[in-house]
Amino acid sequence: MKRILAIETSCDETSAAVIEDGTKQLSNIVASQIKSHQRFGGVVPEVASRHHVEQMTIVMEEALKEANTTYEELDAIAVTEGPGLVGALLIGVNAAKAVAYAHQLPLIPVNHIIGHIYANQLVQPLVFPLLSLVVSGGHTELVYMSEPGKYEIIGETRDDAAGEAYDKVGRVLGVPYPGGKHIDEMAHKGVDTFKFPRAMMQDDTNDFSFSGLKSSFINTVHNAEQKGDVLDRNDLAASFQAAVVEVLVKKTIRCAKDKKVKQIVLAGGVAANKGLRTALTQAVEQELSSVELVVPPLALCGDNAAMIGAAAFIDSTNHNQLDLALNAQPGLTL
Ligand code: KG4
Ligand code: ZN
């Protein structure tokens with residue numbers, strides 16, 4: 001049995017969790033800073049770092065308390081080393097180093113993207129080969145895993161991430177940051193009447209592009225404003241969401257077929273999107289009924305430390321040392 005205290009501070013959530021054997025969540029405390037960033041319309045890195053400093057120890061203590069675990073009962077400390085905001089990552093990395101040093105525990109660095117994928121291991125066992133659609137505020141990637149610990153990016157965005165496009169469009173619609181959740185709600189009250197472009201669907205590339213869709217959306221809204229026309233905001237949201245979801249689902253299904261995977265795993269903040277969850281579930285049922293689809297519960301879609309603890313477990317045998325040279329890696333890739 002291995003108990004890991006995991007820490008995540010890559011963006012705007014300060015989080016700590018206690019995870020047993022990579023699969024059992026004993027606690028997962030998430031302190032969100034969204035309210036502080038909302039008035040700026042996005043995450044302000046300096047503000048994020050300051051909040052992490054204030055929250056870090058409180059969140060760690062709470063995670064241990066809820067898990068009914070003492071430092072002596074821990075086997076390792078895990079922390080997100082990247083990718084993310086450098087100042088934000090550094091708070092988590094230094095907190096992890098301090099705790100690991102004080103209690104002489106091994107320190108396991110975790111890639112945030114791998115964390116998002118492994119969040120699903122807290123739901124059910126991962127089965128290989130698998131394909132993960134990772135969709136968040138900073139990432140849109142199709143990751144193929146032939147076996148545990150092996151990652152191959154077979155498709156990615158060439159410009160905006162899916163979540164980033166949601167948030168930028170949200171700003172135009174005047175919804176609070178981050179816009180994804182609000183647009184998702186509005187989309188369910190509207191109809192896809194605008195038929196925005198579905199980018200890169202004709203090509204056989206697995207890559208994505210969302211900046212053309214975003215521009216098309218913004219132009220539509222601005223042109224209407226100039227003419228004094230009033231557009232239905234729910235229809236705008238529904239049309240935007242339909243374009244994003246169609247591309248994500250079609251490419252995921254195509255890659256899953258090509259790679260003959262046994263499992264498809266949805267991951268990242270945008271995995272909370274109701275439209276995407278429904279459309280992907282239906283598409284897998286209709287086109288790939290022998291493939292298992294894993295959709296994370298809402299609490300494990302956005303940034304959280306439980307996913308970092310789950311991912312750390314697979315790497316725990318390689319990291320049985322306390323490496324105090326660990327540093328934040330804002331541009332870390334897979
Ligand atoms: O994974 P995450 O918490 O942070 C990053 O690693 O980026 O993802 C945050 C992103 C934001 O862009 C947010 O708008 C988006 O996830 N998001 C959603 C929904 N809930 C959160 N996007 C679409 N629909 C949602 N329901
Ligand atoms: Zn994330």
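In listed order, ligands and their atoms are each counted from 1. Because only heavy atoms are used, hydrogens play no part in the values below, and waters and symmetry mates are left out as well, while side chains stay in.
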> Are H116 and ligand 1 in contact, using a heavy-atom cut-off of under 4.0 Å?
Replying inline: yes

> Considering only the protein, which heavy-atom contact is closest to atom 26 (N) of ligand 1, and what is its distance?
Replying inline: D184 OD2, 3.1 Å

>> Do S10 and E8 pair up side chain to side chain, a donor and an acceptor below 3.5 Å, judged on atom types alone?
In response: yes

> Which ligand 1 atoms, with their elements, are less than 4.0 angstrom from a heavy-atom of G163?
Replying inline: 12 (O)

> Under 30°, 30 to 60°, or over 60°: which ring-plane class applies to F208 and F210, parallel, tilted or perpendicular?
Replying inline: parallel

> Given that the side chain starts at C-beta and the backbone is N, CA, C, O, which of these parts of H112 lies under 4.0 Å from ligand 1, counting heavy atoms, or is it both or neither?
Replying inline: side chain

>> Checking a contact table here: which protein heavy atom is nearest atom 15 (C) of ligand 1, and how many Å away?
In response: V270 CG2, 3.9 Å

> Where is the nearest protein heavy atom to atom 11 (C) of ligand 1: which residue, which atom, and how far?
Replying inline: D167 OD2, 3.5 Å

> Of all N, O or S atoms in D303, which has the smallest distance to the Zn ion (ligand 2)?
Replying inline: OD1

> So which protein heavy atom does atom 21 (C) of ligand 1 come closest to, and at what separation?
Replying inline: G269 O, 3.4 Å

> So, the side chain of N304 versus the backbone of G302: is there a donor-acceptor pair under 3.5 Å, distance only?
Replying inline: yes

>> Looking at every heavy atom in both I77 and L74, which two are closest together, and how far apart are they?
In response: CD1-CD1, 4.1 Å

> Quick one: which of N273, D184, D160 gives a side chain to side chain donor-acceptor pair (under 3.5 Å) with Y166?
Replying inline: N273

> Can any side-chain N or O of K97 pair as donor or acceptor with the backbone N or O of L324 at less than 3.5 Å?
Replying inline: yes

>> The test is salt bridge (Lys or Arg N to Asp or Glu O under 4.0 Å); show your working for D21 and K24 and say whether it passes.
In response: CA-CA 6 Å; D21 293 337; K24 197 170 163 203; over 6 Å; no

>> Taking 4.0 angstrom as the limit and counting only heavy atoms of G302, give me the atoms of ligand 1 inside it, by number and element.
In response: 3 (O)

> Taking atom types as modelled and ignoring hydrogens, do the side chains of D12 and H51 form a donor-acceptor contact shorter than 3.5 angstrom?
Replying inline: no

> Would you find a donor on one side and an acceptor on the other, under 3.5 Å apart, between the side chain of T69 and the backbone of K65?
Replying inline: no

> Strictly under 2.8 Å, is any N, O or S atom of H139 next to the Zn ion (ligand 2)?
Replying inline: no

> Hey, is K274 one of the residues with a heavy atom under 4.0 angstrom from ligand 1?
Replying inline: no

>> Among all protein heavy atoms in this structure, tell me which lies nearest to atom 18 (C) of ligand 1, with the distance rounded to 0.1 Å.
In response: G180 CA, 3.7 Å

> Just by modelled atom types, is the P296 backbone N or O under 3.5 Å from a matching donor or acceptor in the R277 side chain?
Replying inline: yes

> Tell me: protein heavy atom nearest atom 3 (O) of ligand 1, and distance?
Replying inline: D303 N, 3.1 Å

> Considering only protein heavy atoms, which is closest to atom 9 (C) of ligand 1, and at what distance to one decimal place?
Replying inline: G137 N, 3.8 Å

> Can you say whether the rings of F217 and F196 are parallel (under 30°), tilted (30 to 60°) or perpendicular (over 60°)?
Replying inline: tilted

>> Just to be sure I read this right, does ligand 1 sit under 4.0 Å from the backbone of N273, its side chain, both, or neither, counting only heavy atoms?
In response: both

> Strictly under 2.8 Å, is any N, O or S atom of H112 next to the Zn ion (ligand 2)?
Replying inline: yes

> Quick one: does G138 get a heavy atom under 4.0 Å from ligand 1?
Replying inline: yes

> Which of the numbered atoms in ligand 1 are below 4.0 angstrom from a heavy atom of P178?
Replying inline: 13 (C), 14 (O)

